[in-house]
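Shown next, in structure tokens, is the structure this report addresses.
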Amino acid sequence: MKAKQKFITRFAPSPNGWLHLGHAYSALIGQACAQAHDGEFLLRIEDIDVGRARPHFVDGIEQDLDWLGVTWPTPVMHQSSRFEIYAEVLAQLQAMQLVYPCWATRREINQAIEASPAGTAAWPRDPDGALVYPGLYRDTSEDQRQELMWRGDSYAWRLDMQKAYELAAQKTSQAIAYTEMSSGQPQRQTIDPRAYGDVILARKDVPTSYHIAVVVDDAAQQVTQVTRGQDLQPATAIHRLLQILLDLPEPDYFHHPLIRDVSGRRLSKQAGDLGFRDLRQQGMSREDVLALLPPISLPISLS
Ligand code: GLU
């Protein structure tokens, strides 16, 4: 009989700001799931955006989690030390001819969309609200690509979504789906990555994006449950697609509700929402901070 795999989940912040209450909630839910399963809770630092990630935010994340009473094993995986691994995965996708270089600037993309018969207003948007990439450079010939490479301009590696989807469909002979655990019962949900169009998977100088790094590292760390906010639920379609194409194991997913402010807006670093470090510095205790969060209760069958 196959031994049951150990439950492993993770909290994977990007160190480009202080943690806010939403992060605190996410880490506490992850830790509670790990405890309920007698499993492990990992911290992973997602610092592939070297332009924005800062070491003092990494320290701040660790101090804040520690203050909250969250614990994790060391050493902590830092994605910035794994670019060579991501480059190999990108090379694999290149060899499968599932990605293509795209030199389109934002301006060029917007102009192509504006010039479409029904204009920008009718143009499809992806689940995150961004205009879907119109496919410029998808069918560029090899000769033209060589010439553009020689010019030295910046480019992005985009996934040929239709081709990737067809290959995945052939490999699984089933619709792409994932298992959602947030209700306490495993729920199989079909999810279509095509709504995202040809997403960017890497750039000329950075051999990864969030999408490649997250699936590669969840597999490398043998994560059995990805715990994260509901804002990332739609992107799970891209992650499942990549897992199928790259023959990576499929974890379960627990997408927890987002913490919102009194007006119902979800908290974000970009909007400058209070880090709970500020709350701490204002003299709040751990209990005061916990009282600002919904109860960290797990669905019945998990607890
Ligand atoms: N690094 C991502 C963030 O901070 C989270 C990634 C994930 O949990 O999959 O938003």
Side-chain angles (χ1 to χ4, degrees), residues 8-34 40-55 57-62 64-65 70 72 76-83 86 89 127-130 178-182 191 193 196 199-201 206 208-243 246 248-260 266-273 275-277:
I8 302 181
T9 192
R10 79 327 185 255
F11 174 58
S14 306
N16 45 28
W18 306 114
L19 297 184
H20 56 60
L21 285 172
H23 295 113
Y25 183 61
S26 196
L28 290 165
I29 292 263
Q31 175 164 269
C33 287
E40 200 162 13
F41 169 84
L42 306 178
L43 170 66
R44 180 170 74 222
I45 300 296
E46 300 213 321
D47 52 354
I48 51 169
D49 186 351
V50 286
R52 294 201 304 149
R54 294 285 175 274
F57 289 133
V58 177
D59 294 342
I61 287 170
E62 297 200 348
D64 287 349
L65 291 176
V70 174
W72 60 91
V76 168
M77 179 182 278
H78 287 236
Q79 291 188 325
S80 57
S81 66
R82 293 173 53 79
F83 284 117
Y86 308 137
V89 174
D128 301 327
Y178 80 99
T179 301
E180 177 64 61
M181 296 302 293
S182 55
I191 190 161
Y196 275 99
V199 280
I200 294 182
L201 288 190
V206 188
T208 188
S209 60
Y210 161 55
H211 301 306
I212 290 187
V214 82
V215 296
V216 168
D217 292 344
D218 284 333
Q221 295 191 296
Q222 300 179 16
V223 166
T224 58
Q225 178 185 291
V226 170
T227 308
R228 60 186 179 193
Q230 276 170 356
D231 52 334
L232 291 171
Q233 186 268 346
T236 305
I238 302 170
H239 303 163
R240 285 291 302 119
L241 174 65
L242 290 174
Q243 286 158 357
L246 297 166
L248 298 175
E250 177 191 349
D252 291 338
Y253 288 83
F254 187 120
H255 292 108
H256 59 75
L258 302 175
I259 305 292
R260 299 179 184 274
R266 75 173 206 238
L267 300 182
S268 86
K269 280 185 261 201
Q270 278 77 10
D273 280 311
F276 66 94
R277 146 173 305 252

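Order of appearance sets the numbers: ligands from 1, and atoms from 1 within every ligand. Everything numeric in this text was worked out from a predicted model, so none of it was measured.
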Between Arg10 and Gln221: side-chain donor-acceptor atoms closer than 3.5 Å: no
Residues passing the side chain to side chain contact (heavy atoms under 4.5 Å, CB included) test with Pro251, sequence neighbours excluded, are Val226, Gln243, Tyr253
Proximal atoms of ligand 1 relative to Val214 (non-hydrogen, under 4.0 Å): 9 (O)
Please could you name the atoms of ligand 1 that Pro13 approaches to less than 4.0 Å, counting only its heavy atoms? 4 (O)
Within a radius of less than 6.0 Å around CD of Gln222, do more than 12 heavy atoms belonging to other residues, nucleotides or ligands occur? no
Looking only at heavy atoms, is any part of Leu232 under 4.0 Å from ligand 1, and if so is it the side chain, the backbone, or both, or is it neither? side chain
Polar side chain donor-acceptor pair, His256 to Thr227, under 3.5 angstrom: no
When rounded to the nearest 0.5 angstrom, what is the spacing between CZ in Phe57 and OG in Ser14? 12.0 Å
Close-contact set for ligand 1 against Glu46 heavy atoms, below 4.0 Å: 1 (N), 2 (C), 5 (C), 6 (C)
Does any N or O atom in Ala12 lie less than 3.5 angstrom from one in ligand 1, N or O only? yes
Quick look: Ser14 vs ligand 1, heavy-atom contacts under 4.0 Å, and the answer is both
Checking Asp128 now: which residues fulfil side chain to side chain contact (heavy atoms under 4.5 Å, CB included) with it, not counting sequence neighbours? Asp126, Tyr196, Pro234
Numbering the atoms of ligand 1 from 1, which are under 4.0 Å from a heavy atom of Tyr210? 6 (C), 7 (C), 9 (O)
Arg10 N/O to ligand 1 N/O under 3.5 Å: yes
